[in-house]
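Below is one structure, written out as structure tokens; comments come after it.
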Amino acid sequence: TEEYVGFIAEDVPELVATKDRKSLSSMDIVAVLTKVVQRQTADNRRQTEMIKKLEDKIKRLEAENRELRVELKERIATLERQLKLMNTVAER
């Protein structure tokens with residue numbers, strides 16, 4: 001009447017099943033799963049570092065963008081004043 005959760009030897013990689021595929025080596029399963037977790041942890045760490053670098057780059061680019069917009073607005077204002085002055089001189 002007890003229920004168990006587990007693997008079927010025929011459905012797992014050869015690495016953790018016996019040669020006759022009738023049973024499993026629980027220690028091999030633990031070793032394989034441990035290695036998988038280690039790889040995923042390393043991948044997660046690399047991805048976290050990449051995300052941080054990308055976030056920093058986005059912040060730098062946004063700051064540069066803001067500075068350029070201010071500079072462009074100032075240049076446009078200067079050009080508009082010069083154009084107005086040229087029109088005024090041309091009208092005389």
Side-chain angles (χ1 to χ4, degrees):
T1 62
E2 293 182 43
E3 291 187 25
Y4 294 94
V5 176
F7 299 101
I8 298 172
E10 297 164 346
D11 294 338
V12 297
E14 289 182 26
L15 186 61
V16 294
T18 58
K19 290 185 188 223
D20 61 5
R21 311 261 320 151
K22 302 244 185 230
S23 63
L24 304 171
S25 168
S26 59
M27 288 310 294
D28 288 346
I29 292 172
V30 170
V32 169
L33 293 176
T34 299
K35 190 64 175 176
V36 168
V37 169
Q38 288 172 340
R39 285 183 182 167
Q40 286 181 334
T41 300
D43 287 346
N44 287 344
R45 196 171 293 124
R46 280 190 298 275
Q47 290 171 350
T48 300
E49 290 170 6
M50 177 65 76
I51 289 169
K52 176 69 173 127
K53 288 177 184 177
L54 290 171
E55 287 173 340
D56 291 344
K57 187 173 186 174
I58 288 170
K59 285 178 185 176
R60 269 194 327 274
L61 290 171
E62 287 174 338
E64 287 175 21
N65 188 17
R66 280 190 300 275
E67 291 170 11
L68 286 173
R69 282 197 320 238
V70 168
E71 182 182 336
L72 286 173
K73 285 179 182 179
E74 290 171 357
R75 285 183 176 189
I76 289 170
T78 300
L79 288 171
E80 286 173 340
R81 283 192 303 274
Q82 290 174 348
L83 184 60
K84 188 183 264 186
L85 181 62
M86 287 173 53
N87 286 338
T88 303
V89 170
E91 289 174 358
R92 291 185 183 170

>> For the CD atom of Gln40 and the CG atom of Leu33, what is their distance to the nearest 0.5 Å?
In response: 10.0 Å

> What do you reckon, is CD1 of Ile8 surrounded by more than 12 foreign heavy atoms closer than 6.0 Å?
Replying inline: no

> Hey, are Asp56 and Arg60 close enough for a salt bridge, meaning a charged N less than 4.0 Å from a carboxylate O?
Replying inline: no

> Heavy-atom count around Gln38 CD within 6.0 Å, excluding the residue itself: above 12?
Replying inline: yes

>> Side-chain heavy atoms nearer than 4.5 Å, only ILVMFWY residues, links allowed to pass through others: does that put Val30 and Val32 together?
In response: no

>> Can you tell whether the side chains of Glu71 and Arg75 come within less than 4.0 Å, N to carboxylate O?
In response: yes

> Could you state the interatomic distance from CG (Leu54) to CD (Gln47), rounded to the nearest 0.5 Å?
Replying inline: 11.5 Å

> Between Asn87 and Leu83, is a side chain to side chain contact (heavy atoms under 4.5 Å, CB included) present by the stated rule, with each step listed?
Replying inline: CA-CA 6 Å; Asn87 286 338; Leu83 184 60; 4.0 Å; yes

>> Using 0.5 Å steps for rounding, measure from the CZ atom of Arg46 to the OG1 atom of Thr41.
In response: 10.5 Å

>> So Asn65 and Leu61, do their side chains get closer than 4.5 Å, heavy atoms only?
In response: no

> To the nearest 0.5 Å, how far apart are CZ in Arg81 and CD1 in Ile76?
Replying inline: 11.5 Å

>> I need the Lys57 NZ to Met50 CE distance, nearest 0.5 Å.
In response: 10.0 Å

>> I'd like to know whether Arg45 forms a side-chain hydrogen bond (donor to acceptor under 3.5 Å, both in side chains) with Thr48, so could you lay out the CA-CA distance, the side-chain angles of the two residues, the decisive distance to 0.1 Å, and finally the verdict.
In response: CA-CA 5 Å; Arg45 196 171 293 124; Thr48 300; over 6 Å; no

> In terms of hydrophobic clustering (I, L, V, M, F, W, Y; side-chain heavy atoms under 4.5 Å; direct or indirect links), are Leu15 and Val12 co-clustered?
Replying inline: yes

